Amino acid sequence: MSGMRNTRLLLIGLGACLTGTLLWGFLEARADPIVRRAELALADWPAGAPPLRLVLLSDVHAGNLAVTPARLERIAASINALRPDLVLIAGDFMPGEEEIDAASATARLTPLKRLRARLGVVAVPGNHDHWTGLGAVRTALAGVGVTLLANQAAARGPLAIAAVDDDYSEYARTAPTIAAARRLPGAKLVLTHSPDIAPQLPRDFPLLLAGHTHCGQVVIPFYGSLDPVSRYQDRYRCGVIREGVRTVIVTAGIGGSLPFRLNAPPDMWLLTLGPPAQR
């Protein structure tokens, strides 16, 4: 009898641990994103141009239990409170893989219409945007005032942005996009969804901004992410990664296809970009 009782208690304990973990992961997935900050000097910063405040976010995955309209409105308000000059969004506006129409995509993304930035809001597609229907996502983003660029370059204030399409879904065309950005005036940076293009970047594009990894989404202490979505495993999992002259910044994003995170809380980055310090 004592053996059966011990087994029953063990099962109850395991069930409680599992339930607690699932609840914790759900609450973490819905938490307000942490605002992380960094200041970066760019060698090719235009002479006389003042520093620029840039907000980077990614992996919106709007429309599921993690990213409800109310939560997305709250996040948009928190971004506006940071008073950015420019907002960059590194892809994955939709969750899942089922095809979506433009009306449904617009309804999910309407809170982004509240974003305010002097130089606008610029985005690139993610793998889920291709899987669910890039045409619908593009139409929805245009309707809420977000400029979607895919393998295109654009100038915004003192920046020349190489907006590379998603590598994970094999739509990235890095070399021609870099060539197009080289023809624009301004300090060079790359915006993309998956950070895996980082090793391909030339030295005159020393800054890459990306998402996709969810910072591991489920991270086991002393082990790393449970299911890396990168060919480089955890090399570009999260945060600021410096490799020689190259700096890669990977945001955890604000959502996910599954409303569950563990040791990988949502975040976004407030970056202050400017010239190197005068000596």
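Please read these numbers as outputs of a predicted model, since none were measured by experiment.
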Under 3.5 Å, side chain of [X] to main-chain N/O of [Y], donor-acceptor pair present?
X	Y	result
Arg261	Ala264	yes
Arg116	Lys113	yes
Arg74	Asp32	no
Asp59	His212	yes
Glu28	Asn263	yes
Arg237	His214	no
Asp85	Arg53	yes
Gln152	Thr177	no
Arg108	Thr68	no

Nearest heavy-atom pair of [X] and [Y]: which atoms, and what distance?
X	Y	result
Ile254	Asp267	CG2-O, 4.1 Å
Ser257	Asn64	O-ND2, 3.3 Å
Gly216	Ser225	CA-CB, 3.5 Å
Ile100	Ala105	CD1-N, 3.8 Å
Gly96	Thr132	O-CG2, 3.5 Å
Gly91	Asp129	C-OD2, 3.9 Å

Show your working on salt bridge (Lys or Arg N to Asp or Glu O under 4.0 Å) between Arg173 and Asp165 and close with a plain yes or no.
CA-CA 7 Å; Arg173 303 294 180 267; Asp165 205 337; over 6 Å; no
side-chain contact (heavy atoms from CB on, under 4.5 Å) assessment of Val55 paired with Val35
CA-CA 9 Å; Val55 167; Val35 179; over 6 Å; no
State, yes or no, whether a side-chain contact exists between [X] and [Y] at a heavy-atom distance under 4.5 Å.
X	Y	answer
Tyr171	His130	yes
Trp269	Ser58	no
Leu226	Ile220	yes
Pro206	Arg246	no
Val124	Asn151	no
Leu134	Leu148	yes
Cys238	Val250	no
Leu57	Val87	yes

Enter the distance from [X]:[atom1] to [Y]:[atom2] here, rounded to the nearest 0.5 Å.
X	Y	atom1	atom2	answer
Leu184	Ile161	CG	CD1	9.5 Å
Leu86	Leu271	CG	CG	10.0 Å
Leu119	Thr147	CG	OG1	11.5 Å
Arg235	Glu243	CZ	CD	4.0 Å
Leu109	Thr139	CG	OG1	11.5 Å
Leu42	Leu159	CG	CG	7.5 Å

With a cutoff of under 4.5 Å between side-chain heavy atoms, which Ile, Leu, Val, Met, Phe, Trp and Tyr residues group with Tyr168?
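Members other than Tyr168 - counting any ILVMFWY side chain reachable under 4.5 Å - are Trp131, Val229.
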Quick check: His61 with Phe93 (ring centres under 6.0 Å apart)?
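No, ring centres 6.0 Å or more apart.
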Quick one, Asp167 with Arg231, criterion salt bridge (Lys or Arg N to Asp or Glu O under 4.0 Å). Give me CA distance, side-chain angles, the key distance, then yes/no.
CA-CA 11 Å; Asp167 178 76; Arg231 69 175 67 95; 2.8 Å; yes
Working for side-chain contact (heavy atoms from CB on, under 4.5 Å), residues Thr272 and Leu52
CA-CA 6 Å; Thr272 302; Leu52 179 145; over 6 Å; no
Determine, stepwise, if the pair Val122 / Val146 fulfils side-chain contact (heavy atoms from CB on, under 4.5 Å).
CA-CA 6 Å; Val122 175; Val146 177; over 6 Å; no
Indicate, with yes or no, if [Y] and [X] share a hydrophobic cluster defined by side-chain heavy-atom contacts under 4.5 Å among Ile, Leu, Val, Met, Phe, Trp and Tyr.
X	Y	answer
Ile75	Val121	yes
Val245	Val248	no
Leu149	Val137	no
Ile178	Leu208	yes
Val60	Ile79	yes

What verdict does the side-chain hydrogen bond (donor to acceptor under 3.5 Å, both in side chains) test give for Asp92 and His193, after you've listed the backbone C-alpha separation in whole Å, the side-chain angles of each residue and the deciding distance to 0.1 Å?
CA-CA 8 Å; Asp92 267 6; His193 182 57; 3.2 Å; yes
Quick test of your reading of the model: are Arg182 and Asp204 salt-bridged, counting only N-O distances below 4.0 Å?
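Judged by the 4.0 Å cut-off on N to carboxylate O distance, Arg182 and Asp204 do form a salt bridge.
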Can you establish whether the number of heavy atoms outside Leu258 located under 6.0 Å from its atom CG is more than 12?
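No.
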Taking atom CZ as the centre, does Arg114 end up with more than 12 heavy-atom neighbours from other residues, nucleotides or ligands that are less than 6.0 angstrom away?
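Counting other residues, nucleotides and ligands, CZ of Arg114 stays at 12 neighbours or fewer.
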I would like to know whether Ser194 and Asp166 meet side-chain contact (heavy atoms from CB on, under 4.5 Å); could you show each step before the answer?
CA-CA 6 Å; Ser194 168; Asp166 176 52; 3.7 Å; yes
